[in-house]
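When reading the values below, keep in mind they use all heavy atoms of this one structure, side chains included, and skip hydrogens, waters and symmetry mates.
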Amino acid sequence: MRRLNRLLLFSVPLCALSLSAQQSKIYTHNLKDFDKAVTLYGEKQYQAAQILFEKTKTENKEMEVQADCAYYIANCAIRLEQMNADMLMENFVEDYPTSTKQNQAYVEVAGYYFNQGKYPQALKWYDKVDEASMSNTERERYNFQKGYSYFNAGDKKQAEKYLNKVINSKEFGSQAKYYLGYLAYESDNYKGANEYFDQVEDQDEYKEKMSYFQADMNFKLGNFQKAIDLGEPQLAKSNTMEKSELNKIIGESYFNLKKYDKAIPYLNEYKGKRGKWNNTDYYQLGYAYYKQGDYENAIAQFNKIIEGNDFVAQNAYYHLGESYLKTDKKQQALNAFKNASEMDYDLKIQEDAYLNYAKLSYEIGNPYQSVPEVLKGFMDKYPQTPFKQEVQGLLIDSYITSKNYKEALSLLEKNKSPENRLAYQKVAFYRGLELYTDGSYHDALDLFKKSIAEQRDARFTARATFWKAETEYVLGLFNESLLSFKQFTGFDEAKSTPEYKHINYNLGYTYFKLKEYEKAAEFFQKYVETAKDDRVRLNDAYLRLGDSYFVSTKYWPAMEAYNKAIDMKGIDADYAFFQKGISYGFVGRNERKIEDLTKFVQSYPKSKYADDALYELGNTYVTENNTTKALQTYDRLIAEYKTSSYVSKAMMRQALIYYNAKNDKQALDKFKKVVADFPNTPEAMEAVSTARLIYVDSGRTEEYAAWVKTLDFVDVSDADLDNTAFEAAEKQYLQNNTKGAISGLTSYLAQFPNGISALKANFYLAQSYFTEKLENNAVPHYEYVIGKSRNEFTESSLARLAEIHLKNKNYEKALPVLKRLEAEADFPQNVTFAQSNLMKCYYDQKDYANAVVYAEKVMANTKTEDRVKSDAQIIIARSAIKTNDEAKAKTAYAKLLTIAKGELAAEALYYDAYFKNKEGKYEASNAAVQKLSKDYSGYKYFGAKALVVMAKNFYGLKDSFQATYILESVVKNFKDYPDVVEEAQAELKKIKDEEAKTNSSIQN
């Protein structure tokens, strides 16, 4: 109901009763002060008059004079608003009950308060008046004033009672009818109101005011054109507040007549109730713009409907969605339709909004719930929808297009109806790929098997078979992997799959792992003959082709393959060069072997194979009887590669050269150095054994015995027992009987803790425990191995020990082991393993500087896989975020985005959106969020964080509805992520505080 904010009050003439002293001439001479006081009272000099009346009352003992003085003293007190005014008048009435001024006092005081607009006070005194003692004229004035006082006090019933008493009064009748009409209008009694207004419409003083009421009444009665006809002429004559109300009446009348173009200017001029618009006001103006095709202005108005939850809000959200669709803003439309679909005030609108929400979810993705879940929800709620066939088609396809395979799989597992089996096969396959990428190989294998079992789409059956083989290969199930790869090649559809171009490469590797080198060479050869576009695989294929020929003792073909790899100048060119060099030794071309290995050492001094090359070169010199060169080469190896596992072997070779040349002193010195520097190693055992021969030949057996007693790892008397015990345990180990090996090796070490084969026994025992998944039991034995001088088991033990500590998340113990592995490893993959895990350990310990150092090492390694590079890039990016280096973080996340998959890709996209928001690129930021919600909807955490960024974008774009709606949805739907909810709540409060300021201002 629309009401004026202030009542229309016309001046009401008040004829005060004339004051008459009426003194008797007998005491006139005694009332000089009294007469003067009456004169001052008449001149409204109440303070002075009151003083003289009080003086006269004190000095004159005449009862009538004292009554008159008390009357005037009380009257002055009322007019002066003195605290005791009411009490003085009450005292006058009580003290002088026979005074002729008693009723006159009530009327005059009430009239005074009436003229002052103090109607409650006036009513208090009117209630004391004796109507019977009044004249007709005085009674009419009394009834009107009392009725008007009730009118202003809001007592409609009493107002009507007294105003009706003067409805036929010549003086007060017109005013009474006006106010009675207004009271009827206020009570929605438009018929009664019109009857009263019609009786005074010819009087100008009422006519203008009544036009407003009549316009409003006709509007409420549905007479919209008449409301317009009455309202428009009145606009120019109205005050600001009335103009606002009339603009609303006229605008809304045009709106109801569907004349939206005419409604818009009037609706725009409305100022709102107390300067504030409500949701209906925004809706009407927005809808008028919508019907005119002015969608941008429609959006601007609909967006101002904050927190609406009624019929009007549902309509507004629906038409907001329509407006967004018309302007190709689909993400915004999705949010608006979602809101409308969650309200049930208009069921038809609810259904249509839900349908639009479902279709848009399919088209652009849905950040709140999976697309299949949305479509299925629509089908469940509206099973008889005329769009059933269309939505069912979208539902099945959405399982694939949404890429939210985790949730899609969960839904499909619950609904295994025949029409969903094809979708299930595809989703199982794609979810398997996700798990494979994330390193969850066992789970991936289960899903590939499920996909194959469906047999609905032959092409997907073939693809799933390929990836089943890949997963089996990664899990070390090489026989199973080979069978699966062969099955893949047997499918007619295999050649049309993206996997087929690498099948020969994969088969080659599988045969290689099975040590069927001739078959491996066959498939690697097939691959290199056809592969042209993948240089990394082609380079690797040449290397493995060379290795396959090499192991099969086909050295000339091996050298040809290695030459191809060298010519490509790709990864592991040093390895190819080295392998080619040693191959010459096997074909009797030692001079060429020496030449190539010498070139290798010069060309690749920092290669992992440099120490291998020097060792082989030294051995070749020995074969060629060039012991001088051999000794020099071994010296270089010992000096330049102190941590190499070949150092002990090179020293042993030098000792044997001296021994064979009968340089016993130099040989013995070298043997003793081997024993001292590399105790408890096979070389040390051989050194002791050969040194014994020298001592025996020279007759120095006592000296030998004294020396041997200083060696805690040699017990000559128990040597046979030692060897027998170890050989029995080793046999179990070599036959893969791990339980028997554990028993035998444990027994051996209990008998010979420092035995001849203690090093090997500890390593074998550790490996056996590891195989049996008793990793913690393996730890002390790996530690024993790495605690000894560098030996053939050091690198493997470091790698395994690091793996165990990492699995147990014992990063403090893992760190020193990983650092040693990085420094001492011969195999590149172990270096990569060490560096990649060092970066993770440092990051976990919040040592971000070192984490970045190792991440950059990993990135610089050309042999690093994309998956590991993604890990490195994310460490760099996250470390930058932790240290508030946003410039570096932005660069790192941008690089990550080019190589990442799965959750890392979702994280990179989130930060892409985050940084674009900070730069004020709101549209571009929203595009990144939409890509995240469409392609990576399974990663809810980053999806939720991205929604907060999207809300900030929309607020930056002046779209407060989208901003608040998205934030409210985050708070409602993502309670599993309290940090995100907290951020959303903070942003929501900020926006609502700002919107409250905006909405409280006068609307223009």
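Cation-pi geometry between R463 and F466 is not met at under 6.0 angstrom from the ring centre and within 45 degrees of the axis. A cation-pi arrangement, defined by a distance under 6.0 Å to the six-membered ring centre and an angle within 45 degrees of its axis, is absent between K840 and Y843.
The only option from Y505, Y517, Y473 that meets the ring-ring contact (aromatic ring centres under 6.0 Å, His included) definition with F512 turns out to be Y517. Tested against F429 for a ring-ring contact (aromatic ring centres under 6.0 Å, His included), the candidates Y405, F460, Y436 yield a single pass: F460. Evaluated for a ring-ring contact (aromatic ring centres under 6.0 Å, His included) with F524, the options Y542, Y549, Y509 yield exactly one hit, Y509. When the options D611, D826, D612 are evaluated for a side-chain hydrogen bond (donor to acceptor under 3.5 Å, both in side chains) with Y646, the one that passes is D612. If you run side chain to side chain contact (heavy atoms under 4.5 Å, CB included) between I875 and each of E856, M839, M859, only M839 comes through.
Rounding to the nearest 0.5 Å gives a distance of 14.0 Å between CD of E472 and OH of Y441. Distance check, rounded to the nearest 0.5 Å: OH of Y555 to CD of Q579 gives 10.5 Å. A distance of 4.5 Å separates NE2 of H442 from CG of L475, quoted to the nearest 0.5 Å. Here the OG1-NE2 distance, from T497 to H502, works out to 10.5 Å after rounding to the nearest 0.5 Å. Atom CG of L482 is separated from atom CG of L507 by 6.5 Å, given to the nearest 0.5 angstrom. K890 contributes atom NZ, which lies 16.0 Å from atom NZ of K888 (distance to the nearest 0.5 angstrom).
D534 and R537 are joined by a salt bridge, as a carboxylate oxygen and a charged side-chain nitrogen come within less than 4.0 angstrom of each other. Between K564 and E560, no side-chain nitrogen of the basic residue sits less than 4.0 Å from a carboxylate oxygen of the acidic one, so the salt-bridge criterion is not met. One finds a salt bridge joining K857 and E822 here, because a Lys/Arg side-chain nitrogen approaches an Asp/Glu carboxylate oxygen to under 4.0 Å. Here K450 does not pair with E454 in a salt bridge; the nearest charged N to carboxylate O distance is not below 4.0 Å. The pair R431-E434 counts as a salt bridge, with a side-chain nitrogen and a carboxylate oxygen less than 4.0 angstrom apart. At a threshold of 4.0 Å, the pair K501-E499 does not count as salt-bridged, since none of the basic side-chain nitrogens sits closer than that to a carboxylate oxygen.
Taking the six-membered ring where tryptophan is involved, the planes of Y854 and Y842 are essentially parallel, since the angle between them stays under 30° and well short of 60°. Taking the six-membered ring where the residue is Trp, Y604 and F577 present perpendicular rings, their angle passing 60° and hence far from 30°.
Here Y562 pairs with nothing under the ring pair (Phe, Tyr, Trp, His ring centres under 6.0 Å) rule; sequence neighbours left out.
Ring pair F523/Y511: centre-to-centre distance below 6.0 Å. Ring centroid separation for the pair F488 and F485 does not come in under the 6.0 Å cut-off.
Contact annotation: the side chain of V831 approaches that of K608 to within less than 4.5 Å [non-hydrogen atoms, C-beta and beyond]. Contact of the K580 side chain with the N563 side chain is registered, since non-hydrogen atoms from C-beta on lie closer than 4.5 Å. Taking 4.5 Å as the limit, every side-chain heavy atom of T620 sits out of range of all side-chain heavy atoms of I582. When side chains are defined from C-beta on, S481 does not count as touching K513, because their heavy atoms never get closer than 4.5 Å. Side-chain contact between V601 and R636 is present, with heavy atoms from C-beta onward closer than 4.5 Å.
When every heavy atom of L447 is checked against every heavy atom of G432, the shortest pair comes out as CD1-N, 3.9 Å. Nearest heavy-atom pair, F448 versus K468, reported as atom, atom and distance to 0.1 Å: CD1-N, 3.9 Å.
Residues Y893 and E907 bring a donor and an acceptor atom of their side chains to less than 3.5 Å of each other. Y782 and Q767 form a side-chain donor-acceptor contact under 3.5 Å, judged by distance and modelled atom types alone. No hydrogens or angles considered: a donor-acceptor pair under 3.5 Å links the side chains of N619 and Y634. At a cut-off of 3.5 Å, with distance as the only test, no side-chain donor of D457 or Q425 sits close to an acceptor on the other residue.
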| request: Evaluate the criterion salt bridge (Lys or Arg N to Asp or Glu O under 4.0 Å) for residue pair R589 and E591; output intermediate values, then yes/no. | output: CA-CA 6 Å; R589 297 284 299 277; E591 73 286 352; 3.1 Å; yes
| task | Show the numbers, then the answer: is there a side-chain contact (heavy atoms from CB on, under 4.5 Å) between R790 and E795? | result | CA-CA 9 Å; R790 179 68 190 270; E795 183 171 348; 4.1 Å; yes
| message | Test side-chain hydrogen bond (donor to acceptor under 3.5 Å, both in side chains) on E824 and T794; report intermediate values, then the result. | response | CA-CA 9 Å; E824 298 177 22; T794 302; 5.4 Å; no
| task | Please lay out, stage by stage, how D540 and Y527 fare under the test side-chain hydrogen bond (donor to acceptor under 3.5 Å, both in side chains). | result | CA-CA 11 Å; D540 187 63; Y527 182 76; over 6 Å; no
| message | Under the criterion side-chain contact (heavy atoms from CB on, under 4.5 Å), I'd like the reasoning laid out for R456 against Y424: C-alpha separation, chi angles, the key distance, then a yes or no. | response | CA-CA 9 Å; R456 301 281 167 158; Y424 182 81; over 6 Å; no
Which pairs of donor and acceptor atoms, one on a side chain in residues 799-806, lie under 3.5 Å apart (sequence neighbours left out)?
residue : atom : partner : partner atom : Å
R800    : NH1  : E803    : OE1          : 3.4

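By the 6.0 Å contact criterion, CD on E518 is open, its count of non-hydrogen atoms from other residues, nucleotides or ligands being 12 or less.
Applying the salt bridge (Lys or Arg N to Asp or Glu O under 4.0 Å) rule to pairs touching residues 478-489 yields nothing, sequence neighbours excluded.
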